[in-house]
2 protein chains.
Amino acid sequence: MATRTDAPTRREQILKEAARLFAERGFHGVGVDEIGAAVGISGPGLYRHFAGKDAMLAELLVGISGQLLTGAKRRLADADGVTPEAVLDSLIEGHIDFALDDRPLIILHDRELDRLRDSDRKLVRQLQRQYVELWVEVVREVYPGLTEPTARSAVHSVFGLLNSTPHLGRPGSLPGRGATAELLHRMARGAFAAAGAE
Amino acid sequence: MATRTDAPTRREQILKEAARLFAERGFHGVGVDEIGAAVGISGPGLYRHFAGKDAMLAELLVGISGQLLTGAKRRLADADGVTPEAVLDSLIEGHIDFALDDRPLIILHDRELDRLRDSDRKLVRQLQRQYVELWVEVVREVYPGLTEPTARSAVHSVFGLLNSTPHLGRPGSLPGRGATAELLHRMARGAFAAAGAE
DNA sequence: CAGAGAGGTTAGCGCTCGTTAACCTGAAGG
DNA sequence: CCTTCAGGTTAACGAGCGCTAACCTCTCTG
């Protein structure tokens with residue numbers, strides 16, 4: 001996968017700034033003029049790139065859910081012949097990378113879902129559900145004693161743990177990205193282990 | 001502590017419904033008319049009880065933070081001569097009770113803080129910080145190997161885990177309140193233990 | 001029984017917001 | 001060189017919002 005070297009398109013600029021603003025002050029708390037100003041154009045100019053404010057949020061949320069799911073599927077495919085433990089570690093690692101590198105998106109992801117149009121919301125929910133089920137299967141391979149509902153609750157709880165990074169203070173106050181990632185990883189494994197030891 | 005048997009006051013009705021609506025659709029997503037309708041009066045009638053919509057949110061958030069902190073302090077005071085482990089268990093239990101019984105408030109608590117006036121926000125932040133520090137101290141007694149920043153990160157992460165209950169589906173789909181509480185408790189302890197075993 | 005105050009009502013003001021309309025401009029292309 | 005069109009601009013509209021004003025009506029209480 002080649003890393004992009006070309007400049008971001010205007011659409012991408014807008015999405016990035018919109019994500020940041022939505023995460024900071026909520027979907028309804030941000031005006032289109034502000035989003036425009038953040039990329040150097042003014043309010044209505046956005047409508048050359050998006051059908052409306054709703055469309056920006058929809059594209060963001062669908063994008064996030066899709067990325068998470070795609071990444072997890074790839075990790076699962078890459079892990080042929082390795083232990084379930086290693087697969088789970090890979091999933092955790094991927095989620096942590098996402099949570100640490102795209103904090104605004106992680107915030108939006110479970111905060112503004114209800115502001116979507118019905119069809120978009122259904123799509124996002126479906127992607128999220130697939131992502132969860134994928135985790136549930138792996139977790140149950142590692143901890144066969146877990147019933148499916150219990151495993152699902154455990155997965156949701158660990159997501160809560162991993163997604164807590166936005167509350168960990170501004171990026172500077174952390175003990176360093178690597179250490180934080182490692183701490184989160186250990187805690188996630190510890191939480192699963194405790195759930196599995198009924 | 002006598003459990004209340006008298007009917008809730010109008011103010012309390014309003015706060016409860018406002019909390020539910022704010023949690024469902026966000027502070028900016030709910031109109032005063034809706035809040036009024038939820039308690040059987042119409043929009044402007046609310047202003048006989050609150051100075052404005054902001055005041056409702058402020059009272060809710062200050063109330064939550066204060067309740068959490070007060071409860072934790074009481075638990076700490078009650079635990080004289082017991083092991084640090086037992087104190088930590090008591091804190092976890094209290095937080096879980098809150099998360100399971102007052103889900104709308106838990107959602108508001110870390111989602112709408114930025115909509116407050118400066119002075120109110122500072123107050124809430126201060127109460128939250130005290131609550132966190134209280135946990136940090138207890139956690140470090142149980143796991144002396146943890147540095148303070150690491151312990152604080154761990155505490156925030158466990159809050160994320162415990163506060164994930166809103167994502168666990170509607171109250172009916174859970175494996176039962178008792179089982180859920182027990183699962184969350186075990187996972188929280190497991191996460192701390194993993195954090196402490198550097 | 002008069003008067004006051006608590007707790008409602010409806011009408012409407014002023015502001016903000018998302019969106020559209022109409023217009024402008026610079027670069028590409030036959 | 002004229003046309004086209006992508007990508008901007010400003011003006012303005014219509015809806016919805018929080019909130020106030022003005023008024024009404026019970027229920028106490030001196």
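Lettering follows sequence order; numbering is per chain, from 1.
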Between [X] and [Y], does at least one N-O distance fall below 4.0 Å, as a salt bridge requires?
{"X": "B/Arg125", "Y": "B/Asp114", "answer": "yes"}
{"X": "B/Arg75", "Y": "B/Asp78", "answer": "no"}
{"X": "B/Lys16", "Y": "B/Glu12", "answer": "no"}

Checklist entry - Base, sugar-phosphate, or nothing: which does B/Gly43 touch, judged by heavy atoms less than 4.0 Å apart? => result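 Nothing, no nucleic acid heavy atom in range.
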Length of the line joining [X]:[atom1] and [N]:[atom2], which is rounded to integer Å:
{"X": "B/Phe50", "N": "D/dT20", "atom1": "CZ", "atom2": "P", "result": "15 Å"}
{"X": "A/Leu46", "N": "C/dT19", "atom1": "CG", "atom2": "C1'", "result": "11 Å"}
{"X": "B/Arg48", "N": "D/dA21", "atom1": "CZ", "atom2": "C1'", "result": "10 Å"}
{"X": "A/Phe22", "N": "C/dG18", "atom1": "CZ", "atom2": "P", "result": "9 Å"}
{"X": "B/Asp33", "N": "C/dG8", "atom1": "CG", "atom2": "P", "result": "15 Å"}
{"X": "A/Tyr47", "N": "D/dC13", "atom1": "OH", "atom2": "C1'", "result": "14 Å"}

Does [X] make a side-chain N or O approach to OP1 or OP2 of [N] shorter than 4.0 Å?
{"X": "A/His49", "N": "D/dG8", "answer": "yes"}
{"X": "B/Arg10", "N": "C/dA6", "answer": "no"}
{"X": "A/His28", "N": "C/dC17", "answer": "no"}

Item to check | Closest to the A/Ser42 side chain, choosing from C/dT19, D/dT9, C/dA11 | outcome: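 Closest of the options to the side chain of A/Ser42: D/dT9.
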Item to check | Nucleotide nearest B/Lys53 (side chain, heavy atoms from C-beta), chosen from C/dT10, C/dA21, D/dC19 | outcome: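 Closest nucleotide among those given: D/dC19.
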Next on the checklist: Between B/Thr150 and B/Leu146 (side chain of the first, backbone of the second, donor and acceptor by atom type, cut-off under 3.5 Å), is there such a pair?
Outcome noted: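 Side chain of B/Thr150 to backbone of B/Leu146: no pair is present.
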